[in-house]
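The block underneath contains the structure these notes are about, expressed in structure tokens.
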Amino acid sequence: MTNSDPSLPEQPPVLRPQLPDWGVYLRPPEDGVQWIHADDRELALQLIPSPRIFCRSRWDGDYYWLHYGPQTIRVRPTMWLLLPPLDVEIGAQVELLARHGLNDAGIYWIAELMFNAASHQVEYYLRRDELVLSRPFEREDLQVLQPHFKLRAGFYRHEPPKAALPNDLELLDVGDLLNEEHNA
């Protein structure tokens, strides 16, 4: 990015990731705890380091807002392992597919999202009521029951439809529909 005024010093470009994104802190950053917002340190130290997959949803100018299910922590920019986008979040209702009898098919909720560093795979832990299944599942084993689509602003362009009307067509004048005096 260059300045239009040559008398001003050159500013470095602002490089911020496209949010939301997902990642893990497999190791704690080496900066002590100063990178964690003071109000969130106790919770953050319970969650990090771990294979938990966080959703980084917001940048407020000082901190990124990370979510793990209903829990939110704020952290300064630090190194973490960036993962491909996920389409399922903690608490989402899913159907566990039978896969020819390998799985106990049924309706479950996502209890945990973990990253297996050895296999480089996302593991989905499921719960039904208060029972959390002990083995993880892959995304292919799950069918989301209530998908939440998130469109990125400016990603899609929609042109307004254009009427193919002949030039000599007389249009009806309906007046000012927004004027309250005529509508009362």
Side-chain angles (χ1 to χ4, degrees), residues 15-60 62-153 155-156:
L15 301 174
R16 295 276 173 237
Q18 179 79 23
L19 298 178
D21 62 358
W22 290 261
V24 294
Y25 286 97
L26 296 175
R27 294 179 188 85
E30 296 179 10
D31 299 344
V33 295
Q34 283 65 28
W35 58 282
I36 306 170
H37 190 282
D39 296 340
D40 302 335
R41 285 187 182 144
E42 184 178 339
L43 177 60
L45 294 174
Q46 293 172 15
L47 300 174
I48 298 172
S50 74
R52 290 179 181 91
I53 299 173
F54 291 92
C55 176
R56 185 166 59 173
S57 65
R58 182 175 147 203
W59 167 254
D60 66 12
D62 288 324
Y63 294 94
Y64 283 111
W65 292 55
L66 302 178
H67 304 280
Y68 187 73
Q71 300 166 319
T72 301
I73 59 175
R74 292 163 288 180
V75 299
R76 288 204 164 98
T78 51
M79 291 290 275
W80 74 336
L81 179 61
L82 185 65
L83 300 177
L86 299 179
D87 65 339
V88 180
E89 296 179 7
I90 293 176
Q93 192 175 32
V94 295
E95 176 184 3
L96 178 60
L97 303 175
R99 299 281 179 186
H100 304 290
L102 295 175
N103 298 329
D104 183 18
I107 305 301
Y108 295 86
W109 286 265
I110 302 291
E112 302 273 350
L113 292 172
M114 301 287 187
F115 178 72
N116 184 326
S119 66
H120 298 285
Q121 295 291 321
V122 175
E123 295 179 337
Y124 299 82
Y125 286 85
L126 304 179
R127 75 171 169 81
R128 181 185 286 165
D129 299 321
E130 298 304 315
L131 175 67
V132 176
L133 301 182
S134 59
R135 83 173 183 93
F137 295 91
E138 296 178 4
R139 178 64 179 90
E140 294 77 31
D141 293 323
L142 308 175
Q143 175 67 46
V144 179
L145 296 181
Q146 300 165 345
H148 296 285
F149 299 103
K150 296 179 182 175
L151 298 179
R152 291 175 283 180
F155 186 73
Y156 296 99

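As a basis for the values below, the full set of heavy atoms in this structure was taken, side chains included, without hydrogen atoms, waters or symmetry mates.
In this view, A105 and A98 satisfy the side-chain contact (heavy atoms from CB on, under 4.5 Å) rule, not counting sequence neighbours. The side-chain contact (heavy atoms from CB on, under 4.5 Å) check on N116 picks up A118, S119, E123, with sequence neighbours excluded.
Residue D141 is tested with V94, L97, N103 for a side-chain contact (heavy atoms from CB on, under 4.5 Å); the sole match is N103. Between Y25 and the choices W35, Y68, Y64, the ring pair (Phe, Tyr, Trp, His ring centres under 6.0 Å) rule is met once, by W35. When each of I90, L83, L81 is checked for a side-chain contact (heavy atoms from CB on, under 4.5 Å) with I53, only L83 meets the rule. Checked against I73 for a side-chain contact (heavy atoms from CB on, under 4.5 Å), the options L45, I36, D40 give a single hit: D40.
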Q: Verify side-chain contact (heavy atoms from CB on, under 4.5 Å) between I110 and E89, making sure each step is shown before the conclusion.
A: CA-CA 7 Å; I110 302 291; E89 296 179 7; over 6 Å; no
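Here the side chains of L47 and F54 are in contact, with some heavy-atom distance below 4.5 Å. No side-chain heavy atom of Y124 sits less than 4.5 Å from a side-chain heavy atom of M114. Counting heavy atoms from C-beta on, the side chains of W22 and P84 never come closer than 4.5 Å. The shortest distance between side-chain heavy atoms of L96 and L142 falls below 4.5 Å. Looking at I107 and Q93, their side chains come closer than 4.5 Å, going by heavy atoms from C-beta outward. Contact of the Q121 side chain with the P136 side chain is not registered, since no non-hydrogen atoms from C-beta on lie closer than 4.5 Å.
The number of heavy atoms from other shown groups lying within 6.0 Å of CZ (R27) does not exceed 12. More than 12 heavy atoms of other residues, nucleotides or ligands lie within 6.0 Å of CD in Q46, so this atom counts as buried by the packing criterion.
Taking 4.0 Å as the cut-off between side-chain N and carboxylate O, R139 and D87 count as a salt-bridged pair.
In this structure, NE2 in H67 is found 11.5 Å from CD in Q71, a value given to the nearest 0.5 Å. Rounded to the nearest 0.5 angstrom, E95 CD and Y108 OH are separated by 10.5 Å. Atom-to-atom distance recorded for I48:CD1 and W80:CH2 is 9.0 Å, nearest 0.5 angstrom. Note: W65 CH2 to W59 CH2 = 12.5 Å, rounded to the nearest 0.5 Å. Rounding to the nearest 0.5 Å places CZ of R128 at 7.5 Å from CG of L133. Atoms OG1 and CG, on T72 and L66 in that order, are 8.5 Å from each other to the nearest 0.5 Å.
Taking each heavy atom of R76 and D62 in turn, the nearest pair found is CG-O, 3.6 Å. Nearest heavy atoms, R52 versus V24: O-CG1, 3.1 Å.
The backbone N or O of L131 lies less than 3.5 Å from no partner atom in the side chain of D129, so there is not a single donor-acceptor pair.
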